[in-house]
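Worksheet for the structure shown next.
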Number of protein chains: 2
Amino acid sequence: MTTIKDIARVAGVSVTTVSRALNGYGDVNENTRQKIIQVSKDLNYSPNTLARGLVMNKSRTIGLLVSGMNRQNAKDQFTFEVLSGINEYASEQDYDLILFSTNSTKQREKTYSQLCKERRVDGVILSGIKTDDPYLQEVVESDIPCILIDIPMKSDTVGYVTTDNVLGASTAVNHLIGLGHRNIAMVNGHDQAFVSPQRLQGYKEALETRHLPFRPEWVVNGAYDEETARQEAEKLLARYPEITAVFCASDLMALGVLKAAVSLGRRVPEQLSVVGYDDILLASYSNPPLTTISQNKFQLGYEAATMLIHMLEGSREPHEMYLDTQLVIRRSTSENHN
Amino acid sequence: MTTIKDIARVAGVSVTTVSRALNGYGDVNENTRQKIIQVSKDLNYSPNTLARGLVMNKSRTIGLLVSGMNRQNAKDQFTFEVLSGINEYASEQDYDLILFSTNSTKQREKTYSQLCKERRVDGVILSGIKTDDPYLQEVVESDIPCILIDIPMKSDTVGYVTTDNVLGASTAVNHLIGLGHRNIAMVNGHDQAFVSPQRLQGYKEALETRHLPFRPEWVVNGAYDEETARQEAEKLLARYPEITAVFCASDLMALGVLKAAVSLGRRVPEQLSVVGYDDILLASYSNPPLTTISQNKFQLGYEAATMLIHMLEGSREPHEMYLDTQLVIRRSTSENHN
DNA sequence: CTGAAAGCGCTAACAT
DNA sequence: ATGTTAGCGCTTTCAG
């Protein structure tokens, strides 16, 4: 494997000069530079980023700490789309991505900062982390630059990008109210997601604004899981047949509610309106296609990468960003005729 | 940041001893080891993998060269599931994954081996690479250990994991023939995928075995794209109304055919049977749900990682593996009544 | 069982 | 404009 030493020898200069020439410093004779570049091509040289990283104490690498990269969770490719967005900007900026996965079967006993310190990543992006995840604690305490996706926490080294989940949820519920629904239930996700209480909040606010009563017993926990949501919705709808619409905190759960409706013999949207959240791919293919709150997952990742890299390069801008969401009306909602 | 030097100082030993103690060598006094371990904990030490990689010339890192990690392609999350599988085994074995993306907007002028050499990855897994991709050439020539997904190429340092695509395709077509179909068309993908000619081959073989004529004009190119497939299928079916079944080289294209059937007013499966390939998530949610050839994408990745890591650790087993596929019968196929 | 010393490939003062 | 030297944090002979 060729090193700058080899180049130096062949080109008849010192390693310093080689290093400077190759890194585009100005204080190198143009002829020397050309010669060095030629030699390095002849010798098929590639720089050793490990060595460079060691001395510069900078690896041009971003760590990705994602949970939800496993067999089951592949269903909502939320993570994947975020990843694609991150990758897009990172590769534009010549940063590499290194994947840490928290879902290792033999549960990794390593701490968050160990993971990062070992690999000498310059910064980290966290996605899909639960609020009770020990890693989250560490982030705030550690001084490693970090961007959180969908968890609004801030410090000197921590930023986030997310959407306004209260607004998103209230938009969804307002849509239902606008269609004449008065008895609107909610299937929320588990409490370990930051967005859950916020979406609940949005649901409440929308009801309140229209002077509709909030009925706690109409809010069930679907754990962001299709099957759990189906079961919970089945119980709920059987018990309170007066419910004419359901707002779900995720599309996956909305899919579960759709199944519950089938098994209860209630046609969607004629006899039951359903709204999801996320606008995952499946949402437009389900039967009927889901009305939902759309998030631009790719952009979420893209912006997170942008923010992190700016941060790494010394920007002092505020490290927070809210992206817009959008109500996408498909065929799982219609006017209430009761 | 703590280094072994710090530990050595505090523990009152040499760096050599610290290194040996921490790496579990036998020739260290157990008391000394305990002391060193204690100190390293107190000092919150993490090893610097860059330094280690530099001296050992080994990074315990696997490069991932995937194409198809972009906005559009997110649809079939083939890549993502493969990735999950790779990640699973790699993290079990304490290897880290580094993501190279070939779809960078400013097209990366770096060569494959440059990418790998720079980052000093121990080995690489390639997925979603087209046969005319320049990277592929390089792989075979370079001496970097490498596993290909779905491209059967072998050398001392190159292995692959794939499925039997001829068999898969013929199984699909035989299913149609078994349902009484005689006029079976095929929507194939572009020729830049290794699997395309193989699936075509399987289609031909199945026809031949049952003494059905092969009609080249009934094979169209859907480019592995839903919309292209829809258009091509529409033309094909309009022109040859006698076709009663279509075999597609991917589910995504099958979805396109489903749309074509709708716009031509042909009910699936009553008036047209459709078979896909891959068994992507969408396949079970489409309307009607797709009959398809299922590939275990997660396992594809898992086995690729296994094979690569074994290779890296010196195994001399053959570096090739064929996984089984499975016919999944859903509701897009039925008996032919013509 | 332990330590001194060399060196992986690179960059960065500090000369010259 | 170029070379000398030191050193990033680690592993690994080689001696003791």
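Reminder, nothing fancy here: chain letters follow the sequence lines and each chain counts from 1. Remember, predicted model here, so these are calculated numbers, not experimental data.
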Let's see if you can work this out: which of C:dT2, C:dT11, D:dC8 has an atom nearest to the side-chain heavy atoms of A:Leu54? D:dC8
Taking the six-membered ring for Trp and the full ring for Phe, Tyr or His, determine whether the centres of A:Tyr224 and A:His190 are under 6.0 Å apart. yes
When you look at NZ of B:Lys5, are more than 12 heavy atoms from neighbouring residues, nucleotides or ligands closer to it than 6.0 Å? no
Given D:dT11, is OP1 or OP2 found less than 4.0 Å from the side-chain N or O atoms of B:Ser19? yes
Counting only side-chain heavy atoms from C-beta out, which of D:dT11, C:dG3, D:dT2 sits nearest to B:Arg20? C:dG3
Could you tell me how far apart A:Asn57 (CG) and D:dC8 (P) are, to the nearest whole angstrom? 11 Å
Within this structure, what is the CG-to-P distance between A:Leu22 and D:dT2, rounded to whole angstrom? 14 Å
So, B:Asp133 and B:Lys130, do they make that salt bridge, N to O below 4.0 Å? no
Given D:dT2, is OP1 or OP2 found less than 4.0 Å from the side-chain N or O atoms of A:Tyr25? no
When only distance counts, do a donor and an acceptor, one from the side chain of A:Arg120 and one from the base of D:dG9, lie under 3.5 Å apart? no
Does any donor-acceptor pair link the side chain of A:Thr16 with the base of C:dT11 at a separation under 3.5 Å? no
Of the listed nucleotides (D:dC10, D:dG7, C:dT2), which one gets closest to any side-chain atom of B:Thr17? C:dT2
Cation-pi geometry met for B:Arg60 and B:Tyr95 (6.0 Å, 45°): yes
In numerical order, the residues of residues 37-50 of chain B whose heavy atoms come under 4.0 Å of DNA chain D are B:Tyr45, B:Pro47, B:Asn48
Mind checking B:Asn29 for me? I need base, sugar-phosphate or nothing, with any heavy atom below 4.0 Å counting as a touch. sugar-phosphate
Quick one: B:Glu118 CD to C:dC10 P, roughly how many Å, whole number? 11 Å
Does the B:Thr61 side chain pair with the main chain of B:Leu97, one donor and one acceptor, at a distance under 3.5 Å? no
To the side chain of B:Ser14, which of C:dA12, C:dG3, C:dA13 is closest? C:dG3
Measure up the B:Tyr89 and B:His310 rings against each other and bin them: parallel (under 30°), tilted (30 to 60°), perpendicular (over 60°). perpendicular
Nearest heavy atom decides the nucleotide; on that basis, is A:Val13 or B:Thr2 closer to the 5' end of DNA chain D? A:Val13
Rounding to an integer number of Å, can you tell me how far A:Asp27 CG sits from D:dG3 C1'? 12 Å
Under 4.0 Å, counting only non-hydrogen atoms across every strand here, what does B:Asn23 touch: a base, just sugar-phosphate, or nothing? sugar-phosphate
How long is the line joining CZ of A:Arg9 and P of C:dG9, in whole Å? 12 Å
Gap between atoms CE and P, on B:Met56 and C:dA6 respectively (whole Å): 22 Å
For B:Lys58 and C:dC8, is the shortest distance between a side-chain N/O and OP1 or OP2 below 4.0 Å? no
Between B:Ser84 and B:Tyr302: side-chain donor-acceptor atoms closer than 3.5 Å: no
For a quick test of your reading: what N or O donor-acceptor pairs under 3.5 Å do the side chains of residues 143-154 of chain A make, sequence neighbours left out?
| unit_1 | atom_1 | unit_2 | atom_2 | d |
| --- | --- | --- | --- | --- |
| A:Asp150 | OD1 | A:Thr162 | OG1 | 2.6 |
| A:Lys154 | NZ | A:Glu320 | OE2 | 3.0 |

For B:Arg52 and C:dG9, what is the distance between atoms CZ and C1' respectively, to the nearest whole Å? 18 Å
Find the distance B:Ile36:CD1 to D:dC10:P and express it as a whole number of Å. 13 Å
With a 4.0 Å limit, can you tell me whether B:Thr32 has a side-chain N or O closer than that to the phosphate oxygens OP1/OP2 of C:dT2? yes
